[in-house]
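As the structure is a prediction and not an experimental result, all values here were calculated from the model.
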Amino acid sequence: MSKTTKVPDRNEVPATDKWDLTSLFKTDDEWEKALASIEPMAEELSQYKDKLGESKEKLLEALTKYAKLWQTAEIVENYASLQHNADEGDQDAVNKEGRAQMAVVKASSLLSFFDSEITAIDDDKLKEWISTPEYKDYKIYIEKLLHLKPYILSEKEERLLALQAEASETAYKTFSILENLELDFGTINVNGEEIPLTQSSWSQFLKNPDRNVRKAAYERFYGVFEKHENTLASLYAGSVNQDIFETRARGYNSSLEHALYSNKVPVEVYRNLIDTVHKNFDTLHRYYRIFKKALGTEDLRHYDVYMPFTKDIETHTSYDEAVEICRKALAPLGKEYTDTLCDGLLNGWVDRYENKGKRSGAFSSGCFTGYPYILLNYKEDVIRDVFTMAHEGGHSMHSWYSSRNNPFMCYNYTIFEAEVASTFNEELVYQYLLKNAKTDDEKKYYLSMRAGDILATLHRQTMFAEYELKAHELVESGTPLSADVLRGIYRDLLEQYFGEEMTFESNSDMEGLRIPHFYSAFYVYKYATGISAAMALADRVTNGGVAEREDYFKFLKSGGSRYPIESLKVAGVDMSKTEPIQKALDRFKDIVDELEKLV
C-alpha cells in the first residue's frame, strides 16, 4: 500500500527527502531578521500618506519601497507556511506562520491607503506617468489597479478589511487542523495487515482490487466525517458568509462576479462551463454503464469508481524513475525545461513522502525569490503519483519562468492560468506512457486512466464548481446553510452527474464537506477550464513546430503581465468561448467509444 506501513514522524524523514528551504533563508535567525524588518518598512511607507500624488518621482520612490516590502513579506510567509505544511503539529512552525501573518496584517493595515490613494490620482496624469521608462516595473500593476478602481474603498474602509484579514482565515485553518491533525481514521485490514487509513492513503484504498477493502475504507472514512457534520457545515458556512461579506462590502453584484472580476473573466465563462458539461451528460452516464459492465458488479457503488476501468497492472516506480519519466515525456518542451525541472525535483525543490502531521495531497508554492517548492506525498506503487509529480512540476516551472521574465509587481500569474501549465504536463505524461505501453492490457489501462483523469478534472471539478455556486447563491438570496441543506445540494448533484447506474451510501454526500478547495471560493472551476486549455495546447505543441512551442513559452513567461484570457490567446487557445470545453468533452467521448469496444 505504501513505501512503509508506518507513517514516520517528521524528524525521522531523511534530509534528502525534504525540501531545502535555504533558497529562502539560510537559517531561522535570517528569517527572524526579515520578519522584524516588515513593520519598520511599513511604518516608513506610511509616511507617504497623502503624498503619493505630489509627483511622479514621489510615487515611484514609494512604489520601489512598496515592492521591497512585499517581496520580503512573501518569502517570510512562504518559509513559515512550508514548515507548517510539512508538520501541522509542529508548534514552532505554527508560531512562525502566525507571527508572519500578523506582521503582514499589520503592514496591510498601515498601508491601507496605498491603492486607494493611487487610484485617486487623476487618470490622465497617472497614465502619463506610467508611460515613461522609469515606471516599467510598475506599469502593469497600476493598470490593474485602475481596472479595480470601481471597487476600491476609502482608506478607512480598506483599513478595516485589512485588519480582519487574519480572522477571515479562521474557518479554513480550523477545518485544516480538524481534517489533517485531529480526525483519526484508524486502520484497514488488508491481507491480514493493519494499514493506516489517512488523508494521503485514502485514494490507494479506493483503488484496491478487493471490493471489501474499498467498502471498509469508504465507510470508515465518511463515517468519521459524518460524526462531525455540523462542525464541518458550520465551518464551510462561515467561509461562504465571509465571501459574501467582502462581496457586499466592495459593492459587487455577486460573490461569483467578485471572484472573477479582478482577472477579467466574464461570469459567462463559469456558467457556460457548467451548461456545456450538462449538455454532454449522455457520454458521462454511458461511461458509468460501461464501467459497471467492466467491473462485473450487479450494482455500482461510489467506492468503485476510482478503480481502473480495466484490470490493474502492477507498477512500482521509484521517485528517481518517476523523475526520468517526466524528463522523457516532457521532451517536446526542450532540454532547458526538462533539465531545470528534473534538477529541481532531485535537488531541494520537493518534500517527497508522507509523514505524521504533513498536509495531505500536493501543491506547488513558488515565490519571486527562491525555489518553486513542491509538496508531495509520493507512493512508489501508485502510478497516479507520477502524474502528480508532473502536474506540480508544471506549476513550479510556470513560476520559474514567470519570476525570471517579469518584475516582482507583475510576476505572479493567476490560478486560471496555473492549471493549464500543470495539466499540460499531465497530458504529455499520458501520451508518453500510452505510446510506450508494452502490452494491450497496459494500453487499456492508460486509456482508462486518461478517461478517469478527464472525468475527475473536467466533470468532477465542474460539479464542485456548481456546488459552490449553489451554496453562495442560497446565502445571497437569504437562505442560511446547514448540514442538511449542504448535504441536500451535494446529493442532488451526485445523482445528476453519476446518473442512474450509481448506488450511493447514506453518507456519500459528506464528500461536499471535506474538500479543502471550497475554502478558496470559485477556485475549482479553473481545473476544468485548465484541462480543456491544456489538452488543446498539448495537441498544438506536439503536432506543431518551433512556432507553436514558442507560443506556449510566451504564455509561461507572461506571469501576471496579461489577463489570463489574453495570456492563453497568445498561447493559441481562446477560453472566452465554449469550443475548448466542447473539444475536451469530445476527446472524452472518443476514449469512451474506444473503451466500449474493448469491453
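Using bins of under 30°, 30° to 60° and over 60° for the plane-to-plane angle, the ring pair Y378/Y319 lands in the perpendicular bin. By the 30° and 60° cut-offs, the orientation of the rings of H517 relative to Y527 is parallel. Relative ring orientation between Y371 and W349 is described as tilted, the plane-to-plane angle lying within the 30° to 60° band. By the 30° and 60° cut-offs, the orientation of the rings of Y552 relative to F555 is tilted.
Shown here is E579, whose CD atom has no more than 12 heavy atoms of other residues, nucleotides or ligands within 6.0 Å. Shown here is K569, whose NZ atom has more than 12 heavy atoms of other residues, nucleotides or ligands within 6.0 Å. Environment of NZ in K65: crowded, with over 12 heavy atoms of neighbouring residues, nucleotides or ligands closer than 6.0 Å.
S318 places a side-chain N or O within 3.5 Å of a backbone atom of E321 that can act as its donor or acceptor partner. Within the 3.5 Å criterion, the main-chain N or O of E77 finds no donor-acceptor partner in the side chain of S81. At least one donor-acceptor pair under 3.5 Å links the side chain of E74 to the backbone N or O of F368.
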Q) Between E97 and K173, does a salt bridge (charged side-chain N to carboxylate O under 4.0 Å, His left out) hold up when you go through it step by step? A) CA-CA 12 Å; E97 187 173 48; K173 287 180 182 177; over 6 Å; no

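When each of T457, T529, V524, V277 is paired with T462, the side-chain contact (heavy atoms from CB on, under 4.5 Å) condition holds for V277 and for no other. A ring pair (Phe, Tyr, Trp, His ring centres under 6.0 Å) with Y467 is found for one member of Y525, F522, F518 and no other, namely F518. K358 pairs in a salt bridge (charged side-chain N to carboxylate O under 4.0 Å, His left out) with only one of the listed residues (D90, D351, D17, D9), which is D351.
A donor-acceptor contact closer than 3.5 angstrom links the side chains of Q582 and N280. Using a 3.5 Å distance cut-off with no hydrogens or angles, the side chains of E380 and T317 do not pair a donor with an acceptor. In this model, a donor atom of one side chain and an acceptor atom of the other lie less than 3.5 Å apart for S176 and N180. Side-chain N/O atoms of S200 and S360 include no donor and acceptor closer than 3.5 Å.
At least one side-chain heavy atom of K68 sits less than 4.5 Å from a side-chain heavy atom of M41.
Between N78 atom CG and T369 atom OG1 the span is 10.0 Å, to the nearest 0.5 Å. The CD1 atom of I581 lies 10.0 Å from the CD1 atom of I531; values are rounded to the nearest 0.5 Å.
Residues V429 and I325 approach most closely at CG1-CG2, 4.5 Å, considering heavy atoms.
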